[in-house]
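Working notes for the structure below.
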Amino acid sequence: MSLYRDQGIVLRTWKLGESDRIIVIITEENGKVRAVAKGVRKTRSKFGGRLEPTSHVALQLFRGKGELGIVTQAETIDRFQNIRSNPELFSDASAMLEVVDHVSPDQSPDPSRYKMLLGALQTLDEKSSPLLVPSFFLKLLEHEGLAPELGFCIKCLDTDNLVSISISEGGVFCNKCQRGRTISDTSIAVMRAILGGGLKQALEVKDMQTVSEIDRIASEAVEFHLERKIRSRRVMDT
Amino acid sequence: MYIDAVEEVIDALGRLPGIGPKSAQRITFHLMRLPVEDIELLTSAISLMKEKIRFCDSCFNISEQELCPICKDGQRDKGMLCVVEEPKDIIALEKTAEFRGKYHVLGGSISPIDGIGPEQLKVAELLRRIEPERIEEVIIAMNPNIEGEATAIYIARLLEPLGVKVTKIASGLPVGGDLEYADELTLGRALVGRHPVNEEYKNV
């Protein structure tokens with residue numbers, strides 16, 4: 001039983017009892033942590049406003065005997081004002097938080113996953129791009145060792161004439177081995193850029209056909225590996 | 001540990017919000033000591049409530065008839081509509097005695113992570129009320145959290161083209177609270193939403 005300090009991003013919250021919340025936070029040094037924030041739903045709460053999904057906070061937590069810790073202090077580092085005031089950005093941020101929540105095991109520190117999420121939220125808040133969320137999904141899959149193979153046909157290893165992709169089989173196919181759904185050369189090139197250090201340029205892509213193709217593939221890949229639907233995706237598409 | 005009949009009551013009570021196993025046990029033993037008539041009064045009140053209660057056809061507040069008492073009340077300001085998340089928010093607002101318009105209950109707020117988007121809420125029903133009821137002002141009174149904010153902005157955007165005035169309840173410091181203990185988000189909002197002092201004393 002001890003007090004410790006860390007910084008983290010609030011992934012989601014659950015109501016608990018009359019006025020408390022259970023906060024799920026991805027922290028830099030302690031991995032995903034679940035903690036009770038007491039009294040935060042009361043209007044007089046000192047830090048209720050700081051512990052909302054997407055908030056980047058510095059925390060003091062109490063580690064008790066049980067699974068749940070207790071939040072004893074919280075200071076805002078970044079509150080991502082644009083995400084808060086734009087329902088579409090909030091929906092995009094929620095999709096990233098949801099996926100990180102599901103891929104992160106409890107209390108298993110992974111600072112690079114944490115930094116990836118923080119960077120993605122900062123970019124979303126400052127200068128969003130239609131390819132930001134799909135890029136985040138692909139980078140996260142790569143980080144977990146689950147990214148689709150895009151360099152060669154996964155059946156005959158041919159590097160030319162790649163025409164289709166199958167998420168369940170793990171990569172692209174050439175025109176002779178063709179399986180799964182068709183994919184354009186541009187989409188393959190952009191996805192390679194995302195995974196190969198060309199993220200900045202990839203985020204500049206605005207062509208809607210390429211964007212929606214990559215978006216579909218990235219969401220399908222994440223859902224396939226998580227074995228569940230991403231609920232946050234598309235709720236604002238009405 | 002207990003005989004089945006007692007265990008069942010403890011289990012059922014333990015499923016209620018805010019009631020833990022210990023409270024459930026305490027309530028069960030209290031119920032055991034009550035006379036049969038009191039128990040019947042309680043069980044019939046609960047069953048009757050469940051039978052009679054429905055949602056108002058117009059505002060989705062809880063009601064015993066097609067329209068709730070607030071929608072039926074001819075004395076209320078018909079041009080003002082206050083949008084809230086849950087029926088219990090209406091009770092909180094009614095206690096202020098500051099609002100004399102009508103309400104619209106959305107049934108929650110936009111929460112993508114829970115799969116709740118505008119389609120799961122009574123947003124379309126809200127838009128359908130504006131013209132026929134000649135609403136002049138819509139006051140958005142959502143919970144001041146990130147989901148509430150997203151919902152407020154979404155609704156405001158939809159209402160804008162309908163030519164109706166859209167306002168949001170102010171957010172700031174609680175009456176009787178200390179400034180130094182306020183979090184920066186609340187204090188920041190209180191600053192943004194500041195208003196001339198003379199307006200305040202003129203209204204008193």
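Hydrogens, waters and symmetry mates play no part in the numbers below; they use all other heavy atoms, side chains included. Throughout, a chain's letter reflects where its sequence line sits, starting with A, and its residues are numbered from 1.
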Let's go through B:Asn143 and A:Arg41 carefully: what are the C-alpha distance in whole Å and the side-chain angles of both, what is the deciding distance for side-chain contact (heavy atoms from CB on, under 4.5 Å) to 0.1 Å, and is it a yes or a no? CA-CA 10 Å; B:Asn143 285 331; A:Arg41 282 157 59 207; over 6 Å; no

In sequence, state the C-alpha distance, the side-chain angles, and the governing distance for B:Arg157 and A:Glu88, and then conclude on salt bridge (charged side-chain N to carboxylate O under 4.0 Å, His left out). CA-CA 12 Å; B:Arg157 266 199 234 152; A:Glu88 283 75 27; 2.9 Å; yes

A:Phe90/B:Glu147 under side-chain contact (heavy atoms from CB on, under 4.5 Å): CA gap, chis, key distance, verdict: CA-CA 9 Å; A:Phe90 175 51; B:Glu147 293 88 359; 4.2 Å; yes

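When the candidates A:Arg79, A:Lys15, A:Glu98 are compared by the number of heavy-atom contacts under 4.5 Å with chain B, A:Arg79 comes out ahead. Contacts with chain B were tallied for A:Ile230, A:Thr76, A:Leu16, A:Thr54; A:Thr76 has the most, counting heavy-atom pairs under 4.5 Å. Of the listed residues B:Asn145, B:Thr186, B:Ile110, the one with more heavy-atom pairs under 4.5 angstrom with chain A than any other is B:Asn145.
Enclosure of atom CZ in B:Phe99 by more than 12 non-hydrogen atoms of other residues, nucleotides or ligands within 6.0 angstrom is indicated. Atom CD of A:Gln81 is surrounded by more than 12 heavy atoms from other residues, nucleotides or ligands within 6.0 Å. Annotation for A:Gln60: atom CD counts as buried by contact number, over 12 foreign heavy atoms lying within 6.0 Å. Under a cut-off of 6.0 angstrom, the local environment of NZ in A:Lys206 is crowded, with over 12 non-hydrogen atoms contributed by other residues, nucleotides or ligands.
The contact between A:Leu11 and chain B is made entirely by backbone atoms, counting heavy-atom distances below 4.5 Å. Both the backbone and the side chain of A:Ser85 come within less than 4.5 Å of a heavy atom of chain B.
A distance-only check finds a donor-acceptor pair linking the side chain of A:Glu52 to the backbone of B:Ile146 [under 3.5 Å].
In plain terms, the two heavy atoms of A:Arg84 and B:Arg189 that are nearest each other are NH2-NH2, 4.1 Å. Between A:Pro87 and B:Ala150, the shortest heavy-atom contact is CG-O, 3.4 Å. Here the closest heavy-atom approach between residue B:Ile113 and residue A:Leu97 is recorded as CD1-CB, 4.3 Å.
The CZ atom of A:Arg231 lies 8.5 Å from the OG atom of B:Ser111; values are rounded to the nearest 0.5 Å.
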